[in-house]
Amino acid sequence: MTKDSYLVGLIGSGIGPSLSPALHEREADRQGLRYLYRLIDIDVLGVAPQAVGDLVRAARDLGFDGLNITHPCKQLVIEHLDALSPQAEALGAVNTVVFEGGGRAVGHNTDVTGFAASFARGLPDVPLERVVQLGAGGAGAAVAHATLTLGAGRVTVVDALPERAAQLSAALNRHFGEGRAAASGPDRLPGLLAHADGVVHATPTGMAAHPGLPFPAALLRPGLWVAEVVYRPLETELLRTARALGCATLDGGGMAVFQAADAFRLFTGREPDSARMLADIAELAGAVPAPK
């Protein structure tokens, strides 16, 4: 039996602008639920990302039903959980924790399903033979898995930390087969993008707190599709620049909605209405301008 009252939260850094509380609470209101979504910002608390384990335990002890986890804690939280879903284990990143009976903390990842659903909806017919991805963190692991699941021939992961890109690439090859992924440094980005079908951006650049472009605008060209993970603002400087050149683009709003819908289902056992939630994010984030 599902209940009608829920307490959930989000742990991360700089999460004040997050639209997760509004997305979850609006859908809960439509379903007649009492649903409180709290932000647990490690910057406001003055604690390091490594404190995520203490925060998870405190939330469990205080009666939370579950938590969302975001940057920079998606990988750090794993060692503090009792179990992982197969997908979260394969990804090595968790963005949703559900407290089951007896306080058992189980980690899930709805980023991968969220990105896959958004990509299939927004860029259904683009070529996927050669994809470049910027970012190998928690979100990067999820979107790389999603992109390969969608049928990408090869994903080249570019990260400022070469060892992180290499680790993700190795994990992808183990999961999907040798040759499906490669790692590279930012210095090779011009050559990679010149021959790529599309680029997936999975770093914080473009968020309100991290304005700007993740790479020089001169590397964009017509015919290159661009998929964004950042959703606030919905139109980042990267997307605005790419659209001006005629690139097919995908904003981060769909991923935010579909991952939230999947988390809502895990927290409540109830089926969310993704179409209504897409309308919500368009209203909530659509009017927020991209940073100058």
Side-chain angles (χ1 to χ4, degrees), residues 6-15 18 20-21 23-24 37-42 45 47-62 64-118 133 135-149 157 159 164 167-168 170-172 174-175 202-204 229 231 252 255-269:
Y6 296 88
L7 174 61
V8 299
L10 172 65
I11 296 176
S13 170
I15 55 177
S18 174
S20 289
L23 284 173
H24 280 252
Y37 193 113
R38 290 296 195 194
L39 295 180
I40 305 170
D41 194 322
I42 61 173
L45 294 174
V47 299
Q50 289 74 17
V52 64
D54 294 332
L55 296 174
V56 169
R57 285 187 288 273
R60 177 195 60 200
D61 294 344
L62 289 169
F64 277 63
D65 295 288
L67 296 164
N68 283 136
I69 311 292
T70 192
H71 176 79
C73 301
K74 291 180 180 182
Q75 293 158 320
L76 294 170
V77 74
I78 289 177
E79 64 181 286
H80 304 288
L81 304 177
D82 298 304
L84 297 176
S85 70
Q87 195 163 68
E89 188 169 15
L91 289 168
V94 163
N95 81 323
T96 303
V97 175
V98 177
F99 296 118
E100 297 183 347
R104 188 166 176 263
V106 180
H108 301 263
N109 195 300
T110 67
D111 283 333
V112 61
T113 52
F115 183 80
S118 177
Q133 177 179 305
V143 298
H145 272 254
T147 304
L148 285 167
T149 300
V157 181
D159 196 275
R164 191 162 69 165
Q167 288 170 2
L168 176 54
L172 293 168
R174 285 194 299 270
H175 190 77
T203 84
V229 170
Y231 72 89
M255 179 181 177
V257 164
F258 288 114
Q259 69 81 20
D262 289 345
F264 184 92
R265 188 183 300 107
L266 287 168
F267 292 148
T268 67

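Predicted, not measured: the structure shown is a model, and the values here were computed from it. Values below: every heavy atom of this structure, side chains too, minus hydrogens, waters and symmetry copies. We number each residue from 1, following the sequence as shown.
No donor-acceptor distance shorter than 3.5 angstrom exists from the side chain of Asp82 to the backbone of Val106, with no hydrogens or angles considered. Formation of a donor-acceptor pair under 3.5 Å by the Asp65 side chain with backbone atoms of Val8 is not found in this model. Checked by atom type and distance alone, the side chain of Gln133 never pairs as donor or acceptor with a backbone atom of Ala202 at under 3.5 Å. Judged purely by atom type and a 3.5 angstrom limit, Asp159 has no side-chain atom pairing as donor or acceptor with the backbone of Arg164. Within the 3.5 Å criterion, the main-chain N or O of Gly114 finds no donor-acceptor partner in the side chain of Ser118.
No side-chain heavy atom of Leu23 sits less than 4.5 Å from a side-chain heavy atom of Phe264. At least one side-chain heavy atom of Leu55 sits under 4.5 Å from a side-chain heavy atom of Leu45. Val56 has its side chain within reach of Phe99: a pair of non-hydrogen atoms, C-beta onward, lies under 4.5 Å apart. Contact check for Phe267 versus His24: side-chain heavy atoms found under the 4.5 Å cut-off. Considering only heavy atoms from C-beta on, Leu7 stays 4.5 Å or farther from Leu62 through its side chain. In this structure, the side chains of Thr149 and Phe115 stay at 4.5 Å or more apart for every pair of heavy atoms.
Residues passing the side-chain contact (heavy atoms from CB on, under 4.5 Å) test with Ser13 are Ile42, Asp43, Pro72, sequence neighbours excluded.
Residue pairs that meet the side-chain hydrogen bond (donor to acceptor under 3.5 Å, both in side chains) test with at least one member in residues 102-116, sequence neighbours left out, are Lys74-Asp111, Asn95-Thr110, Asn95-Asp111, Glu100-Arg104, Thr110-Gln259, Thr113-Asp262.
Minimum heavy-atom separation, Val112 to Ala142: CG2-O, 3.4 Å. The two residues Pro49 and Leu76 have their closest heavy-atom pair at CB-CD1, 3.5 Å.
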